[in-house]
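Side chains included, hydrogens not; waters and symmetry mates left out as well; all remaining heavy atoms used. These numbers come from a predicted model, not from an experiment. All chains are named by letter (A, B, ...) in the order of the sequence lines, taking the proteins before the strands, and each is independently numbered beginning at 1.
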There are 2 protein chains.
Amino acid sequence: MPEVALSLSIGQVAERTGLSVHALRFYEREGILATPVRRGPGGRRVYSEWDMDWLDVCTRLRASGMPLTAIRRYADLVRAGAGNEEERLALLRRHQEHVTAQIGELTACLELISCKVRLYEDRVAADAADPLWSQPALPKNDSQELAPG
Amino acid sequence: MPEVALSLSIGQVAERTGLSVHALRFYEREGILATPVRRGPGGRRVYSEWDMDWLDVCTRLRASGMPLTAIRRYADLVRAGAGNEEERLALLRRHQEHVTAQIGELTACLELISCKVRLYEDRVAADAADPLWSQPALPKNDSQELAPG
DNA sequence: GCTTGACCTAGAGCCCGCTCTAGGATGCAG
DNA sequence: CTGCATCCTAGAGCGGGCTCTAGGTCAAGC
């Protein structure tokens, strides 16, 4: 019943998280890990399941644009133990808002891009249908001059 | 009827686009501008409405994570004139997919973050209701050890 | 016994996207 | 005339986030 706690080498962790071994050591130096990594014989790092879970959280925070300094702050709070939940909450809420805003902005950008894609699809299609219509020197619908790109 | 074409100084453009004057000059050096900026007396840059529109497109592409090299490529194509619409389309489509993927990833991250926010809201609320219940050394629901952060 | 490979530390190096400095011209206000 | 703001160029510098190098330890396999 008590499954043996899994323990991984840095190479294995790199493989599973997608982070490089360099990045993993770098994160550790930077205080990104909430608990000190255990060391095996020869001073080799031994990662626990908990470490993996934490790293997964970190990669998601990173993927959503949280800077390392903020992640370190969060790690510090977790390391410090119970009693600072309000601060953790505040930190997470700030990031939550940040990500929400980011999604909004990306969605707006996507709209513009999609609009341009449609425009070019039409142009290319028209060109294929009648190459003479759209090639000559600024026929009539001089979209090149009226709107950029 | 022919409204006088508006022309802006680099400072004014900086103000309206939110880019710094440094960034504007930098972009120009980097070939990000699709048309060469006109110069007024004393060699000063004079931006047209078209330039502004182009810059707006650029800032949206940047905001959605397109690297400067890709924007330069796009600018090169536009500068080259008609005949390369397929390539522009391909470039934009790639970015479109990229942005879509990014939104997906952010949304997933947001879910995790929101989940954690809720968790901490509950913890903090419980703590406020009964400080003695959640403070002492790992009471029972030892969430600290079972799940990171 | 020797090679190979995964690991260790400390620190240098790199890419991106700006940002700032130095040193100077121009133009307008008091 | 003298400030003062705004602009110019060329190029150095910077912050973030890794990435890589040098030099070394250790264990396994041939």
Length of the CD-C1' vector between A:Q12 and C:dG5, whole Å: 14 Å
Sorted by number, residues from residues 27-49 of chain A placing a heavy atom under 4.0 Å from DNA chain D are A:Y27, A:R44
Rounded to whole Å, how long is the line connecting atom CG of A:L68 with atom C1' of D:dG15? 12 Å
What is the distance from CE of A:M66 to P of D:dC18, rounded to the nearest Å? 14 Å
Residue-level proximity of residues 15-23 of chain B to DNA chain D when a heavy atom falls under 4.0 Å: none
A:D51 side chain reached by A:L33 side chain, heavy atoms, under 4.5 Å: no
Tell me whether the side-chain N/O atoms of A:S9 come closer than 4.0 Å to OP1 or OP2 in C:dC7. yes
Side chain to side chain, A:F26 and A:L19, heavy atoms closer than 4.5 Å: no
Spell out, yes or no, whether B:L106 and B:L112 are grouped together once hydrophobic residues are joined by side-chain heavy atoms under 4.5 Å, including indirect joins. no
In whole Å, I'd like the distance from the CZ atom of A:F26 to the C1' atom of D:dG17. 5 Å
Flag side-chain contact, heavy atom, 4.5 Å: A:Y74 against A:R72: no
Are A:E28 and A:R39 ion-paired here, with the side-chain N under 4.0 Å from a carboxylate O? yes
Can you name the residues that form a side chain to side chain contact (heavy atoms under 4.5 Å, CB included) with A:V57, not counting sequence neighbours? A:L61, B:K116
Could you check A:R25 against B:R25 and say which one's nearest nucleotide on DNA chain D is further toward the 5' end? B:R25
Quickly work out the A:I71 CD1 to D:dG16 C1' distance and round it to whole Å. 12 Å
Figure out the CG/P separation between A:L24 and C:dT9, and round it to whole Å. 12 Å
Do the non-hydrogen side-chain atoms of A:Q96 and A:R93 ever get within less than 4.5 Å of each other? yes
Could you check if a side-chain atom of A:L8 sits within less than 4.5 angstrom of a side-chain atom of A:V46, using non-hydrogen atoms only? no
CD (A:E15) with more than 12 external heavy atoms under 6.0 Å: no
